Number of protein chains: 2
Amino acid sequence: MIDVRFSTAVQMVLSIALAEHDGFRCTSQTLADGLGANPSFVRTLMVPLNRDGLLLSTKGKGGGIRLGRPSDKITLRDIYCAVTEDKKLFVARPDVPARCRISANIGDFFQIITQDAEGAVLHSLENRTVADSLKKILQIDRRRQAKLSSGAPAKLIRTAT
Amino acid sequence: MIDVRFSTAVQMVLSIALAEHDGFRCTSQTLADGLGANPSFVRTLMVPLNRDGLLLSTKGKGGGIRLGRPSDKITLRDIYCAVTEDKKLFVARPDVPARCRISANIGDFFQIITQDAEGAVLHSLENRTVADSLKKILQIDRRRQAKLSSGAPAKLIRTAT
DNA sequence: GGATAATGCAATCGTAATAATTGCATTATG
DNA sequence: CATAATGCAATTATTACGATTGCATTATCC
C-alpha cells in the first residue's frame, strides 16, 4: 500500500495554519472531515508532529490543535522528518549474501546513494515554509475560482478543515 | 512490503558490469545467487531493464545477460526510471473531499512538491554512471579487504554475481 | 461538581503492493 | 537431439500501512 502519510500530514498542518489564520478552532474531527478519514487516525498521525513541536494539542472541552510555532518557522522538511521518522527514502535489499565483490559491498554503496538522494529531497523541502505553502495554496484556490467564473458558484464552506 | 526493486536492480546491473569487465558469463541463476533470490524473480525484474535497453538478454544454451550499452552510458537514473515506471516518489492522499480551500487544492499543491522533490532525486542519480559506480564499489571493496588485513583471509569467490 | 467534549493510546482487522515460487513454453546452442 | 538459457503466466506468502473501535484521561463550561 502506498504511503500517504506525508501528504496527509501536510494537509493537516496547512488546515491548522488556515484555521489559525481565519480564527477557527481545529479538532481532530474537523481535520478528519477535510481528509475523508477517521479522527483517531488523524490523532495517530499527529503523534510525531506533536513530539517534534510542530503542533500543540490541548485536551478537554474546547481543546483542539494549533501550530507549535509560527507558520514561517515550520518547513515541509520538518513535517517530512517527523512523519517518516527514521525510514529511508530507498531501502537496500535485505539478507544479501556476501558472495562476490558486488554483493559484499552493495549495502555500503547503496547507503551512499540513499543519503545523497535523501539530502536532495530534504533540501527541496526545507525552503518551503508552512506560511509560504499556505499562501501558495490560497493562490491556487483563487485561480481555480476564477476559472469557474461563469460556472456554478463556489459551494465551499469556510471552515477550518 | 517495502519496495526493494531499485536496490535489487542496481545490484543486478553492477554485477553484470563486473562480469563483463572480468570476462564472466552472467545468467539469471548466477545473479539470483548473488542476490539470495529466485532466478525467475530476477528475470521478472529484468523486464523493464531490457525494455529500456539497459540490458540485453540472449536466450538458449550459452545465453545470458549483458549490458545494453557501455557502462559509462548507463546512469542510476536510467535504472531508477526503468524499475519504478510511472510510480511517483510521494503520492497524494486519495479521495480527499473538496470541503475547504485546503482540501480543494491540496492535490495540485502536492503535485508541485512532488515534482520538485522527484527532480532533485533524479538529478542526484543521473550523475552516477554504472562505470563510476562499479569503480566506487570496487574501491569500497579494497578498503574493506585492507581492514581485514591480519584477520581471516578473504573467502569470496570470483564469480560474476 | 457534573455533563460535555476533546485528546491519547492500545488493540485489532482489512487491504493492497510486493516478494517469492512454480511450472512450462520457447528458443538457441553445442 | 540433449541441454540450458530466457519469457511469462499463475499462484501464494508476506508485510507495511490504512482504518476502525473502544475506552481512559483530561479539561472546560454551565
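A note on names: the letters A, B, ... follow the listed sequences, proteins ahead of strands, and every chain is numbered from 1. Owing to the predicted nature of the structure, the values given are computational and were not obtained by experimental measurement.
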- One should read off an interatomic distance between A:Asn50 CG and A:Leu56 CG, to the nearest 0.5 angstrom, of 7.0 Å

- So what does B:Ser40 hit on the nucleic acid, given a heavy-atom distance under 4.0 Å: a base, only sugar-phosphate, or nothing? base

- Item | Atom pair distance, as rounded to whole Å: NZ in B:Lys87 and P in C:dA17 | 10 Å

- Which whole-number value in Å describes the distance from B:Asp33 CG to C:dA20 C1'? 16 Å

- Item | Donor-acceptor contact present, side-chain B:Thr58 to main-chain B:Gly64, <3.5 Å | yes

- Cut-off 3.5 Å, side chains only: do B:Ser133 and B:Arg128 have a donor facing an acceptor? no

- Message: Students often mix this up, so state it plainly: with edges at 30° and 60°, are the rings of B:Phe110 and B:Phe90 parallel, tilted or perpendicular?
- Response: tilted

- Per-nucleotide protein contact along nucleotides 24-30 of chain C, 5' to 3', at a 4.0 Å heavy-atom cut-off (B base, S sugar-phosphate only, - neither), is ---BBB-

- To the nearest Å, give me how far apart CZ (B:Phe41) and C1' (D:dT12) are. 15 Å

- Item | Pair A:Asp132 + A:Lys135: basic N to acidic O under 4.0 Å | no

- If we fit an axis to the first five pairs and another to the last five of the helix from C:dG1-D:dC30 to C:dG30-D:dC1, what angle do they make, to the nearest 10°? 10°

- DNA chain C nearest-nucleotide lookup for B:Leu45 and B:Asn38: closer to the 5′ end is B:Leu45

- Atom CG of A:Leu55 to atom C1' of C:dA6: distance rounded to whole Å? 16 Å

- Message: Between A:Glu85 and A:Arg51 (salt bridge meaning N to carboxylate O under 4.0 Å), is one present in this structure?
- Response: yes

- Message: Main chain of B:Phe24, side chain of B:Asp22: is a donor-acceptor contact present, judged purely on distance under 3.5 Å?
- Response: no

- Query: What is the distance, rounded to the nearest whole Å, between atom CD of A:Gln11 and atom P of D:dG18?
  - Reply: 14 Å

- Task: Let me know the distance between CG of B:Asp86 and P of C:dA17, rounded to the nearest Å.
- Result: 12 Å

- Query: Is it true that A:Arg143 and B:Asp108 make a salt bridge, defined as a side-chain N closer than 4.0 Å to a carboxylate O?
  - Reply: no

- Message: Rounding to an integer number of Å, can you tell me how far B:Ile65 CD1 sits from D:dA4 P?
- Response: 17 Å

- Taking C:dA20, D:dT20, C:dG8 as options, the one with an atom nearest any side-chain atom of A:Ser57 is C:dG8

- Query: What's the spacing between B:Leu122 CG and B:Cys81 SG if we round to 0.5 Å?
  - Reply: 5.0 Å

- Query: Can you tell me if the side-chain N/O atoms of B:Arg93 get under 4.0 Å from OP1 or OP2 in D:dA19?
  - Reply: yes

- Task: Return the value, rounded to whole Å, for the distance between atom CG of B:Leu56 and atom C1' of D:dT6.
- Result: 12 Å

- Task: Identify which nucleotide among D:dG18, C:dA19, D:dA19 has an atom closest to any side-chain atom of A:Val4, counting heavy atoms from C-beta outward.
- Result: D:dG18

- Query: Looking for any heavy atom pair under 4.0 Å, which part of the strands does B:Thr58 touch: base, sugar-phosphate only, or nothing?
  - Reply: sugar-phosphate

